[in-house]
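A quick write-up on the structure given underneath.
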Amino acid sequence: MLNTPLLPPTKPSESTMTYSIVLSLTRVLLFLQYMHGTAFQSTNAPSHHRYSNPHQLLMTTSTESNIIREDQAAPPGSLKLLCTTSLEACVILTPLITTIYNDLSTVEVKTKQDNSAFTIADGLVQRLIYVLFDSVNFRGIVGEEDVSTTASSEEEESWDVIDGLPIPATIIPLVHSTKSKIEALASSITGDYSQITVFVDPIDGTREFTSGKGEQCSICIGFSNMEGDAVGGVVYRPLTNNPTWATGVKSEGYSKHNLDSSENENNADYGGLLTSNGSISPFIQSLMEELDMKRVKAGGAGNKMLLLLERSLISNDKDRKDGMLYIQDRGVSRWDTCAAEAVLEAFGGKILKLTHVQQIHDASEGRYKYLESETNLDFIPGMARLTKYNCKNNERIQPNQMIDDVGQVKPYSNLCGLVALGKEWNTVEGLKLISEAVLRAAEKDAPSYD
């Protein structure tokens, strides 16, 4: 069963059975629409983009037609079923997210202990995803917003307040209708998932969400096995012109996306080294020089993975220099990378720890462990610096303070950096080129690992 949700879901509403019938009829109609030629179309929106009528999204997007077809072919207990159902949940959540985004002036933004932002969109999306999974016997579920749970007993039974933030009255009806749809969808998840752990980032890129760059935000839902390996996932951008996404399960031969790379197919300038919108470390600057790649700024780890995949889909090992890489020596978290790692692997790519590529001894074979845990399973003593983002107990942090005790850090901080690459780089030669560039850059400027 689920462990410590942000706010426990309430009992299913009386309208759930009726809505379930309506949803089933809707799926049939959308399937027929698809069979008559509805095509996928996906375009990244400019940062000022808004939907004119977000309440029509569920009925008009061709994305759902594809989900229906895949859901029919996914057997109980399969990771594919989890992915297709999660993808359909993202479609259902999109009108709510869009409505909140379009009316940010009425939405309160909260600052968490690590100075990152939290909005009602973060809380509502995570809580609704927990409603989706409430009856599934997972080994565990980890969500980014678990750490900020401060709800009173009254709030736990209410959908008018989320983590102390009031829901605007104009949005509340949409919250309840979305909840009913998610409850109806939940019944489609059947089978044994007792060995699966779920990692959820409800709004990856909240800073971008609150600053008018919504097209860089994503919902990340990842699944890991008993060994802690990322094995399935969905990365979904709800605020691009048409929602864009990718999903996959390598072990089941399943990969699906609606990304459109055609406009960049002959554009060599599109490639480069993906970085955050903010400052970068001297190591990353040196690495760009060693790789002879330009900097491509983008927000949100999930969004960067989709940008990388979008370019990888039209690249090959003969034109790596025109491709993309995402290499980071500063901290992200497991919920940022679990889904993205599984999706990239399903499309022939990979995510490795930067420490592994830097040839620092690592018994994990270079992959992060995605398991529910009280301590950080990938901690290397003396490797990373303590920051407000990875510090567990809000202690006073000294400049350049190295972490010697695993008890000092949050259990889900990625302290070892990351190297994300597409299929064109995932070859012996490609990995060798990356490793050599990393080693040369590290000789000039050591990775920050902060």
Side-chain angles (χ1 to χ4, degrees), residues 40 42-45 61 63-64 66-67 70 79-80 82-94 97 121-122 125-126 129 132 142-144 198-206 208-209 213-224 229-250 252 254-261 274 276 298-313 324-326 328 332-351 368 370 414 418 420-423:
F40 281 82
S42 149
T43 307
N44 283 345
T61 179
T63 302
E64 184 150 357
N66 192 64
I67 297 169
E70 294 298 335
L79 290 165
K80 182 178 179 181
L82 288 181
C83 287
T84 54
T85 307
S86 297
L87 184 53
E88 189 166 352
C90 290
V91 174
I92 292 170
L93 290 165
T94 296
I97 296 169
D122 297 274
V125 171
Q126 180 161 302
I129 291 172
L132 177 69
V142 178
E144 178 179 8
V198 188
F199 280 79
V200 178
D201 192 342
I203 301 290
D204 176 46
T206 302
E208 284 71 28
F209 185 87
K213 298 177 181 177
E215 75 282 355
Q216 299 183 25
C217 302
S218 62
I219 303 171
C220 301
I221 306 174
F223 306 101
S224 64
D229 298 323
V231 291
V234 174
V235 182
Y236 180 96
R237 288 184 296 210
L239 296 172
T240 47
N241 191 30
N242 290 321
T244 47
W245 50 264
T247 180
V249 181
K250 181 181 179 181
E252 297 178 6
Y254 170 63
S255 59
K256 199 76 178 179
H257 71 91
N258 75 338
L259 305 174
D260 183 2
S261 302
L274 287 157
S276 69
N303 174 54
K304 292 186 187 72
M305 301 301 180
L306 290 184
L307 291 172
L308 187 156
L309 178 58
E310 194 170 49
R311 186 62 177 179
S312 177
L313 290 169
M324 276 187 169
L325 289 170
Y326 174 34
Q328 179 67 283
V332 291
S333 299
R334 303 292 197 281
W335 41 73
D336 297 312
T337 56
C338 182
E341 180 171 336
V343 170
L344 278 180
E345 288 199 352
F347 284 90
K350 184 178 290 186
I351 292 183
Y368 280 105
Y370 299 96
N414 289 1
L418 66 84
L421 49 112
K423 67 182 188 309

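The first residue in the sequence is number 1, and the count goes up from there.
You'll find the side chain of Val231 stays beyond 4.5 Å of the side chain of Tyr370, heavy atoms only. The closest side-chain heavy-atom distance from Val200 to Val125 is not below 4.5 Å. Using a 4.5 Å heavy-atom threshold, the side chains of Leu344 and Leu309 count as touching. With contacts defined as side-chain heavy-atom distances shorter than 4.5 Å, the pair Ile221/Cys90 qualifies. Here the side chains of Met305 and Val235 are not in contact, with every heavy-atom distance at 4.5 Å or above. Asn414 places none of its side-chain heavy atoms less than 4.5 Å from the side chain of Asp336. Contact annotation: the side chain of Ile129 approaches that of Ile219 to within less than 4.5 Å [non-hydrogen atoms, C-beta and beyond]. Counting only heavy atoms from C-beta outward, the side chains of Pro202 and Glu144 approach each other to under 4.5 Å.
Thr94 and Tyr236 share a donor-acceptor pair across their side chains, judged by distance under 3.5 Å alone.
Rounding to the nearest 0.5 angstrom, the gap separating the CG atom in Asp201 from the OG atom in Ser218 is 7.0 Å. Taken from NZ in Lys350 to NZ in Lys423, the straight-line distance is 15.0 Å, to the nearest 0.5 Å. One distance of note links CG of Leu82 with NZ of Lys80; it measures 12.5 Å at 0.5 Å rounding. Distance check: Asn258 CG to Arg237 CZ gives 9.0 Å after rounding to the nearest 0.5 Å. Here OG of Ser224 is found 15.5 Å from OH of Tyr368. Values are rounded to the nearest 0.5 Å. To the nearest 0.5 angstrom, Gln126 atom CD is 12.0 Å from Leu93 atom CG.
Panel note: side chain Asp204, backbone Cys220; no donor-acceptor pair is recorded below 3.5 Å. A donor-acceptor pair under 3.5 Å is absent between the side-chain atoms of Ser312 and the main chain of Leu308, judged by distance alone. Here the side chain of Glu208 pairs no donor or acceptor atom with the backbone of Gln216 at under 3.5 angstrom.
Considering all non-hydrogen atoms of both residues, Val234 and Ser86 come closest at CG2-CB, 4.1 Å. When every heavy atom of Pro238 is checked against every heavy atom of Pro243, the shortest pair comes out as O-CG, 3.9 Å. Shown here for Thr84 and Tyr254, the closest heavy-atom pair between the two residues is CG2-OH, 3.5 Å. Heavy atoms only, all atoms of each residue included: Phe347 and Leu313 are closest at CD2-CD2, 4.0 Å. Minimum interatomic distance between Val249 and Ala346 (heavy atoms only, all atoms of both residues): N-CB, 3.7 Å. Nearest approach of Cys83 to Gly233, heavy atoms of both residues: SG-N, 3.5 Å.
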Exercise for review: Tell me, with the steps shown, if Phe209 and Leu239 meet side chain to side chain contact (heavy atoms under 4.5 Å, CB included).
Suggested key: CA-CA 9 Å; Phe209 185 87; Leu239 296 172; 3.9 Å; yes
Check your understanding: Does the pair Leu87 and Lys256 meet the rule for a side chain to side chain contact (heavy atoms under 4.5 Å, CB included), with working shown?
Key -> CA-CA 11 Å; Leu87 184 53; Lys256 199 76 178 179; over 6 Å; no
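Remark: Thr247 engages no residue in a side-chain hydrogen bond (donor to acceptor under 3.5 Å, both in side chains) (not counting sequence neighbours).
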